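Worksheet for the structure shown next.
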Amino acid sequence: MDDASISSSSLHPFHTKTSDMEDDPSTDSIASWSASNESFILWNPLEFMRDLLLMFFKHNFSSFIKQLNTYGFRKIDPKQWEFANEDFIRGQTPLLKNIHRRKLVHSRSMQNLLGQGTSLLTNPERQSLRDEIERLQNEKKSLVLELKRHEQERQGFEMQMQVLREHLCICKPWSGSRHIIVSYVAQALQKPGFTVTS
């Protein structure tokens with residue numbers, strides 16, 4: 001790219017960040033330039049939302065799509081997340097200055113613009129995202145429950161160890177105390193997740 005002839009302040013951050021993201025080879029499995037270098041493709045929208053959106057843009061997927069639409073990008077392939085703008089071409093940074101926010105004539109134009117933004121998602125894509133969100137929410141709930149169960153087990157082990165400590169402090173070397181200590185240790189060792197470290 002020839003950036004020398006352009007002041008970075010004359011370019012909109014959204015355009016430069018989007019271009020930088022596509023240029024970054026480490027993100028190619030998630031988002032990259034297309035083979036023609038005249039569009040870019042979000043290969044993995046879920047990873048894009050999870051990993052790249054916050055890194056590059058600090059906003060959500062819906063806002064990102066609205067930004068694309070606002071600046072004249074269009075979805076060019078209904079089967080994948082491929083977007084193009086005639087001034088967004090790989091290696092042609094000077095063209096980015098030609099990408100401007102669309103001017104809205106009246107409120108109906110705003111409604112049309114927002115309608116176009118949401119229409120970038122097909123019904124199967126919307127359903128797929130809903131299903132994935134529901135799956136992740138369910139997974140989160142089960143992880144929270146498992147974490148609580150482990151915390152309760154840990155507290156139980158701590159209580160048993162406290163009882164053992166108290167018996168060790170009270171007991172002198174007489175035969176009855178040894179039997180109690182051995183019994184508590186044996187019970188503790190039978191608990192799942194109990195490990196002995198040297």
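A quick note: this is a predicted structure, and the numbers were derived from the prediction, not measured.
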Nearest-0.5 Å distance that lies between atom CG in Leu68 and atom OG1 in Thr18: 6.5 Å
For Ile76, side-chain contact (heavy atoms from CB on, under 4.5 Å) partners two or more places apart: Ser39, Arg74, Glu82, Ala84
Option passing side chain to side chain contact (heavy atoms under 4.5 Å, CB included) with Leu52 (candidates Leu42, Asp24, Ile30): Ile30
Salt bridge (Lys or Arg N to Asp or Glu O under 4.0 Å) between Glu158 and Arg154, intermediate numbers included: CA-CA 6 Å; Glu158 282 185 3; Arg154 186 190 64 78; 2.2 Å; yes
Partners meeting side-chain contact (heavy atoms from CB on, under 4.5 Å) with Glu132 (sequence neighbours left out): Leu46, Arg135, Leu136
Heavy-atom closest pair, residues His100 and Tyr71: C-CD2, 3.5 Å
Chi angles and distances behind the side chain to side chain contact (heavy atoms under 4.5 Å, CB included) call for Ser19, Phe14: CA-CA 9 Å; Ser19 180; Phe14 179 76; over 6 Å; no
Shortest non-hydrogen contact between Ser29 and Trp43, atoms and distance: O-CB, 3.5 Å
Over all atoms of both residues, closest heavy-atom pair of Met49 and Leu129: CE-CD2, 3.4 Å
Spacing of CG belonging to Asn98 relative to CZ belonging to Phe88, to within rounding of 0.5 Å: 13.5 Å
side-chain contact (heavy atoms from CB on, under 4.5 Å) partners for Ile89, two or more places apart: Glu38, Gln92, Leu95
Ring geometry between Phe73 and His15 (parallel below 30°, tilted from 30 to 60°, perpendicular above 60°): tilted
Student check: side-chain heavy atoms of Asp28 and Pro25 closer than 4.5 Å: yes
Enclosure of Gln80 CD (heavy-atom neighbours >12, cutoff 6.0 Å): yes
Value rounded to 0.5 Å, distance of CZ in Phe56 from CE in Met21: 6.5 Å
